Amino acid sequence: MTFRHLLAVALLAVLLVWHSQSEYYGFELLAEVAVFAILAMSLDLLAGYGGMVSLGHAALFGLGAYLYSWLGGPMVGLTAPLAMLGATLGTGAVALAVGAVAVRVEGIFFIMITLGFGQMGYEFFFQNKALGGDDGLYGIRRLDLSGVGIDLSDPGSFALAVILCAVVVYLLLAWVLATPFGAVLKGLHANPNRLRALGLRVHAYRAAAFAFAGAVAGFAGSISAQHTQFIAPHLLNWTTSGEVLIMVILGGLGTLVGPAVGAVVLVLLRHELSSVTDYWGAVMGGFLILVVLSRQNGLIGLTERLLRWRRG
Amino acid sequence: MLTDPSFWLVQSLNSLQLAMLLFLLSVGLTVIFGLMNFVNLAHGSLYALGALIGYSIAEASGSVWWAFALAPVAVAGVGAVLYITLIERLRSAGPLPQVLVTFGLIFVLMDAQRYLWGTDALGVTGNVPFSGTIHIGVEPYPAYRLFIIAVGFAVFGGLYLLLNRTRLGAEVRAGVDDAETAAALGVNVERTFFLVFLLGCALAGLAGAVAMPAFSAEAGMGVGILVPTLVVVVVGGLGSLSGAFVGSLVIGATLTFGTALFPDFAGIAMYAALIAVLLFRPHGLLPARG
C-alpha cells in the first residue's frame with residue numbers, strides 16, 4: 001500500500017511538472033485528466049474493492065453535471081458552491097435509491113441492472129426539452145473564487161484547482177478504505193457469505209458503497225460541467241461508463257492510484273491518436289483487449305510484478 | 001388516432017417487424033449466454049457486419065438473395081476467427097474480462113467497418129424483392145416489412161425443430177440445463193458451444209442482411225441495437241429460445257407503441273421492463289432452466 005501511495009505522489013509530481021510546462025491546450029487536457037481520475041477512482045472503490053462492476057457509473061457523473069447546471073443556472077439560481085454541494089448530495093441520494101434496488105442482484109445481472117438504470121437516465125435527459133434535450137446546455141458558470149484572489153476562468157488556475165480536487169478525493173477514498181467500513185467493503189468482495197454469517201447487513205453496506213461512489217461521481221460531474229461549460233446527454237451514456245471502466249482496468253483494478261494513471265493514459269491517447277488517425281477507437285479497443293488478455297492487473301499490477309521479479 | 005383500427009393494425013405490424021429483428025439478434029446471444037455464461041457485447045457489431053457485407057454482395061451480384069444467403073456465412077466466418085483468437089481464452093475467465101474484451105471489440109469492429117465501407121449510410125440500388133406495398137384494410141403497408149416478419153417466424157420454427165428434434169439440439173438443451181453433467185455424460189460441450197456460437201453469428205449476419213434493404217447499412221449501426229438486444233435476452237430468460245421470442249415481442253411492442261403513444265417515455269419504459277424483470281423474475285419470463 002505504501003508503494004502505491006508513493007506512486008500516487010509520483011503521479012501528482014508528473015501532473016504538476018506537466019502543468020508548469022503547459023499552455024492553453026495542456027491546461028485543458030490536465031483538467032480533463034483530473035476530472036476522469038476522480039470518476040475512475042470512485043468506480044474503483046465500487047468495482048475494484050467492492051466487486052460491483054457498474055455499467056451505469058457515467059450516468060451518475062452526468063446526473064451530477066446536470067444537477068449542478070440546473071441548480072446553479074437561471075432555473076434555480078443557487079450560488080456555485082451550493083450548486084456543487086447540491087449536485088454531490090443529490091447524486092448520492094439518487095445513487096442510494098438505485099443502489100438499494102440494484103444490490104439485490106449480482107455478477108452479470110448487476111452489470112445489466114446498472115446498465116438499465118443508467119440508460120433510463122440517459123433517455124430522461126435526451127428527451128427532456130427543458131434541459132436542452134439532445135442538444136445539451138451551454139454557458140454553465142464556473143465557481144467564482146475572485147474573493148480569495150483566484151481567477152478560475154483562467155485555464156491554468158482551473159486545471160490546478162481540479163488537480164487539487166483529485167488529490168482530496170484520493171485522500172478521502174484512501175481514508176474510507178482504511179476505516180472499518182472499507183474493511184467490510186473488501187470483505188464483501190472476498191466472501192459475502194462469511195460477512196452475512198457475522199451478522200452484517202450485506203445489502204445495506206453494498207447500497208451505502210454505491211451511494212458514496214455515486215456522490216463522488218456526481219462531484220466529478222459538477223466539475224466537468226464547469227470545465228467544458230457545456231453538458232449533453234452523452235455524458236450519461238453506457239459507452240461513457242465503458243470508457244471509465246477501461247481507465248480502471250488499464251491502471252489496475254482495486255489499486256486506487258491505478259485508475260488515476262489509467263485516466264491520464266486514456267485521455268492522452270484519445271487526444272494524441274485522434275489528431276493522427278481517424279481510427280483511434282480501434283487502437284484503444286485493441287489496447288484494452290491486450291491488457292485484459294495479458295492477465296496482469298493493469299499498469300500498476302505489471303509494475304509491481306516487475307519490481308518483485310527484479311528483487312528475485 | 002386511438003380509435004382508428006388501422007393505426008393499431010399498422011403499429012402492431014411495425015412492432016412485430018421490430019420484434020423479429022430483435023429475435024434474430026437475441027436468439028444467438030441468449031443461447032451463448034445460457035450455455036456458457038458468456039457475454040458477447042460485440043454481437044451488435046456482427047449485425048452491422050452482416051448488413052455491410054450484404055450490401056457489398058447485393059451490389060456485386062445484383063440480387064439481395066445472394067446477400068441473404070452469403071452474408072450469414074461470411075459473418076459466421078468472422079465469428080470463427082474471433083472464437084479461435086479471443087473467445088476460447090476467455091471461456092473460464094468470468095464476466096468482467098468477457099465484458100471488457102467484447103467491449104474493446106466493438107471499437108475495433110466499428111473502425112474496421114468505417115475503414116472498409118466508409119461512414120455513409122449505404123442503401124442497396126439493385127431491385128429488391130417485395131419492394132411494393134400491400135393494402136391492409138385501407139392502409140398501404142410496405143411488403144418488405146411483412147417479409148422480415150415471415151423470416152423471423154421461419155427462423156423461430158427452424159430453430160424450434162433443431163432444438164427439439166436433433167442430437168445437436170438435445171446437446172444444447174443438456175448443456176444449458178447443466179453443463180457439467182452433460183460433459184460427464186459424454187457431450188463435447190466445447191464443440192457444442194462453438195457450433196452454437198457460429199450459428200448465433202450467422203443469425204446476427206442474417207438479421208443485418210435482411211434489415212439492410214429496409215433500413216440501409218451503416219458502420220456502427222450495431223451499437224444502437226445492442227442494448228435492446230441485451231434487454232430482450234434478460235427479459236426473456238437466459239438460454240431460452242421461446243424466451244427470446246416472447247422477450248422480442250414484449251420489447252418490440254414496448255418500443256413501437258411507446259414511440260407512437262408516449263414518444264418521450266418509450267426508451268424509459270423498456271429499461272423499466274428490464275429492471276422489473278431482474279427484480280421480480282430474475283431468471284426471465286421463460287427461463288431455460290426449470
Side-chain angles (χ1 to χ4, degrees), chain A residues 47-48 51-53 55-56 59 98 101-102 104-129 133 233 237-239 241-243 245-246 248-250 253 277-295, chain B residues 33 37-39 41-42 45 85-86 89-90 93-115 119 220 223-224 226-228 230-231 233-235 238 258 262-280 282-284:
Chain A
M52 291 176 272
V53 179
L55 263 184
V98 168
V101 176
R104 292 170 55 185
V105 296
E106 284 177 27
I108 187 66
F109 297 103
F110 185 80
I111 297 179
M112 289 294 153
I113 204 166
T114 49
L115 175 73
F117 274 116
Q119 291 305 102
M120 264 171 108
Y122 170 73
E123 289 281 341
F124 174 78
F125 287 108
F126 195 89
Q127 302 290 355
N128 195 323
K129 300 288 177 288
N237 203 358
W238 74 277
T239 49
S241 297
E243 275 182 40
L245 199 54
I246 294 180
V248 176
I249 300 302
L250 203 61
L253 198 61
T277 167
D278 283 342
Y279 303 106
W280 65 272
V283 179
M284 194 178 76
F287 200 34
L288 172 70
I289 292 171
L290 287 178
V291 169
V292 177
L293 288 182
S294 76
R295 293 179 187 265
Chain B
F33 216 145
N37 278 322
F38 186 87
V39 201
L41 290 185
S45 307
T85 53
L86 292 174
R89 292 163 209 259
L90 292 167
L96 183 60
Q98 294 169 358
V99 164
L100 291 165
V101 166
T102 53
F103 186 70
L105 260 184
I106 291 178
F107 292 102
V108 174
L109 288 174
M110 177 148 80
D111 275 359
Q113 291 162 10
R114 286 171 57 212
Y115 179 74
T119 50
V223 181
L226 172 71
V227 176
L230 287 171
V231 175
V233 168
V234 174
V235 167
L238 304 187
F262 316 100
D264 290 353
F265 298 106
I268 292 178
M270 177 177 77
Y271 299 115
L274 168 75
I275 291 161
V277 165
L278 277 170
L279 291 177
F280 299 110
H283 297 290

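What you see is a predicted model, and the numbers here were worked out from it, not measured in a lab. Note on naming: letters A, B, ... go to the chains in the order of the sequence lines (proteins, then strands), and numbering restarts at 1 for each one.
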Study note, to complete from the structure: So, the part of Phe117(A) with a heavy atom under 4.5 Å from chain B: the answer is both
Practice item. Nearest 0.5 Å please: distance from the CZ atom of Phe109(A) over to the CG atom of Leu279(B). Key: 12.0 Å
Point to revise | Pairwise distance CG(Leu115(A)) to CG(Leu226(B)) - rounded to 0.5 angstrom | key: 8.0 Å
Exercise for review: Identify the heavy atoms of Ala282(A) and Asp111(B) that sit nearest to each other, and give their distance.
Suggested key: N-OD2, 2.7 Å
Point to revise | Beyond-backbone contact of Ile275(B) with Ile113(A), side-chain heavy atoms, under 4.5 angstrom | key: yes
Exercise for review: Mark yes when over 12 heavy atoms from residues, nucleotides or ligands other than Tyr279(A) sit less than 6.0 Å from its OH; otherwise mark no.
Suggested key: yes
Check your understanding: Which one, Gln127(A), Met112(A), Lys129(A), Arg104(A), leads in non-hydrogen pairs under 4.5 Å with chain B?
Key -> Gln127(A)
Revision key, fill the gap. Interatomic distance, CD1@Ile111(A) vs CG@Leu96(B), rounded to 0.5 Å, equals 6.5 Å
Revision key, fill the gap. Greatest number of non-hydrogen atom pairs under 4.5 angstrom with chain B, of Leu55(A), Asp278(A), Leu290(A), falls to Asp278(A)
Exercise for review: Give the intermediate values and the outcome of side-chain contact (heavy atoms from CB on, under 4.5 Å) for residues Ile108(A) and Val99(B).
Suggested key: CA-CA 9 Å; Ile108(A) 187 66; Val99(B) 164; 4.1 Å; yes
**Study point:** Spatial distance of atom OH (Tyr271(B)) from atom CZ (Phe124(A)) [nearest 0.5 Å]
**Key:** 15.5 Å
Review point. Given a strict heavy-atom distance threshold of 4.5 Å, which part of Leu109(B) is in contact with chain A: side chain, backbone, both, or neither?
Key: neither
**Study point:** Point-to-point distance, once rounded to the nearest 0.5 Å, from CZ of Phe110(A) to CG of Leu278(B)
**Key:** 11.5 Å
Revision key, fill the gap. Heavy-atom nearest pair, Arg295(A) first then Arg89(B), reads NH2-O, 3.2 Å
Exercise for review: Report the option among Gly118(A), Gly121(A), Gly242(A) that has the most heavy-atom pairs separated by less than 4.5 Å from atoms of chain B.
Suggested key: Gly242(A)
Check your understanding: So does Arg114(B) have more than 12 non-hydrogen atoms from other groups sitting under 6.0 Å from CZ?
Key -> yes
Check your understanding: For the side-chain contact (heavy atoms from CB on, under 4.5 Å) test, which of Val291(A), Ile249(A), Ile289(A), Val53(A) pairs with Leu100(B)?
Key -> Ile249(A)
Practice item. Drop me the distance from Phe107(B)'s CZ to Leu288(A)'s CG, to the nearest 0.5 angstrom. Key: 8.5 Å
Review point. Does any heavy atom of chain A fall under 4.5 Å from the side chain of Pro282(B), the backbone, both, or neither of them?
Key: backbone
Point to revise | Contact class of Tyr115(B) relative to chain A, heavy atoms under 4.5 angstrom | key: both
Practice item. Can you tell which part of Ala272(B) gets under 4.5 Å to a heavy atom of chain A, answering side chain, backbone, both or neither? Key: both
Exercise for review: Let me know if Val227(B) has heavy atoms under 4.5 Å from chain A in its side chain, its backbone, both or neither.
Suggested key: side chain
Review point. Is it the side chain or the backbone of Val101(B) that comes within 4.5 Å of chain A heavy atoms, both, or neither?
Key: both
